[in-house]
Amino acid sequence: MSIRYYHPGLVYEVTTRTVGGAWLFDPVQYPELAPAFHAIIARAQEKYSVAVYAYFAMSNHYHAIYGAPDPDFLADFLCEVHAGMARYANRVLGRYGPVFAGRCDVR
C-alpha cells in the first residue's frame, strides 16, 4: 500500500468498510471484537510510531484519525491493523476470506 499524498504536519482520516457492507463487527453479537481491535491497533501503534487520535469500529465499517512521521509508516501500520482485524474477525465469525472491501479511503 502506498499513500498518494502525504504531508507530515497533517492528520489523516481513514475509513474502510466490510465486504458488501456486511455487519461483521456487530458489537452486540460479537462483544469480543472491540477489545481485540484495541489491542491490534495498540500493538501496531507501538511498532510504527503512528499517532492514534481516534477510531471507531461500527458494524460494517470503521473510521479513524491517525498521524505518522513517515508515509511508509502509515501505510505499513494500516496494512497491519487491517490484516489483524480481518484475521481475528474471521476466527470469531468462523469464516474465511476478505473482511474489508478493497482499499481504505485516506483523506
Side-chain angles (χ1 to χ4, degrees):
M1 174 184 287
S2 67
I3 306 298
R4 292 184 181 150
Y5 173 78
Y6 182 82
H7 188 278
L10 298 178
V11 294
Y12 295 88
E13 176 193 1
V14 175
T15 304
T16 191
R17 61 177 273 179
T18 59
V19 172
W23 283 39
L24 300 179
F25 303 149
D26 185 350
V28 174
Q29 192 170 2
Y30 306 106
E32 63 273 27
L33 290 178
F37 289 174
H38 297 318
I40 290 164
I41 290 171
R43 190 171 35 245
Q45 179 184 17
E46 285 183 19
K47 184 175 179 180
Y48 295 104
S49 302
V50 168
V52 177
Y53 297 108
Y55 63 92
F56 190 79
M58 294 176 226
S59 297
N60 65 350
H61 66 287
Y62 101 98
H63 297 277
I65 308 254
Y66 299 127
D70 179 273
D72 291 333
F73 285 9
L74 183 59
D76 292 344
F77 169 84
L78 290 173
C79 285
E80 184 156 324
V81 166
H82 295 167
M85 289 171 81
R87 276 192 303 274
Y88 190 80
N90 276 341
R91 193 172 326 137
V92 168
L93 300 169
R95 64 184 298 278
Y96 62 91
V99 168
F100 294 109
R103 293 180 175 226
C104 60
D105 183 30
V106 179
R107 298 175 190 218

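Counting from 1, the numbers follow the sequence of the chain as shown. Note that the structure is predicted; figures quoted are calculated from it, not measured.
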Scan for salt bridge (charged side-chain N to carboxylate O under 4.0 Å, His left out) pairs involving residues 15-37, sequence neighbours excluded, and state none if there are none.
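Non-adjacent pairs meeting salt bridge (charged side-chain N to carboxylate O under 4.0 Å, His left out): zero.
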Considering only residues two or more places apart or on different chains, which pairs with a residue in residues 40-61 satisfy salt bridge (charged side-chain N to carboxylate O under 4.0 Å, His left out)?
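Every salt bridge (charged side-chain N to carboxylate O under 4.0 Å, His left out) pair that includes a residue of residues 40-61, provided the two are not neighbours, is Lys47-Glu80.
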At their closest point, which heavy atom of [X] faces which heavy atom of [Y], and how far apart are they?
| X | Y | result |
| --- | --- | --- |
| Leu24 | Leu33 | O-CD1, 3.5 Å |
| Ile41 | Val81 | CG1-CG1, 3.9 Å |
| Val52 | Phe77 | CG2-CZ, 4.1 Å |

Under 3.5 Å donor-acceptor pairs involving side-chain atoms of residues 84-98, not counting sequence neighbours:
unit_1	atom_1	unit_2	atom_2	d
Asn90	OD1	Arg95	NH1	2.7
Asn90	ND2	Gly97	O	2.8
Arg95	NH1	Pro98	O	3.3
Arg95	NH2	Pro98	O	3.3

In the hydrophobic clustering (ILVMFWY, side-chain contacts below 4.5 Å, transitive), which residues join Trp23, or is it alone?
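Besides Trp23, the cluster holds no residue at all.
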To the nearest 0.5 angstrom, please state how far the SG atom of Cys79 sits from the OH atom of Tyr48.
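The SG atom of Cys79 sits 8.0 Å away from the OH atom of Tyr48.
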For Phe25, ring-ring contact (aromatic ring centres under 6.0 Å, His included) partners two or more places apart:
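Expected list: Phe37, Phe100.
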Just wondering, do Leu78 and Val106 contact through their side chains at under 4.5 Å, heavy atoms?
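Yes - at least one pair of side-chain heavy atoms lies under 4.5 Å apart.
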Suppose we screen for side chain to side chain donor-acceptor pair (under 3.5 Å). Which residues come up paired with Gln45, at least two apart in sequence or across chains?
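With sequence neighbours excluded, Gln45 shows a side chain to side chain donor-acceptor pair (under 3.5 Å) to no residue whatsoever.
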Quiz: residues 55-67 side-chain donor-acceptor pairs under 3.5 angstrom, not counting sequence neighbours:
unit_1	atom_1	unit_2	atom_2	d
Tyr55	OH	His38	ND1	2.5
Asn60	ND2	Gly21	O	3.4
His61	NE2	His63	NE2	3.1
Tyr62	OH	Tyr66	OH	3.3
Tyr62	OH	His82	NE2	2.9
His63	ND1	Thr15	OG1	3.1

Test of understanding: clusters of I, L, V, M, F, W, Y form through side-chain heavy atoms closer than 4.5 Å, transitively. Do Leu10 and Val50 belong to the same one?
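Result: yes, single cluster for both.
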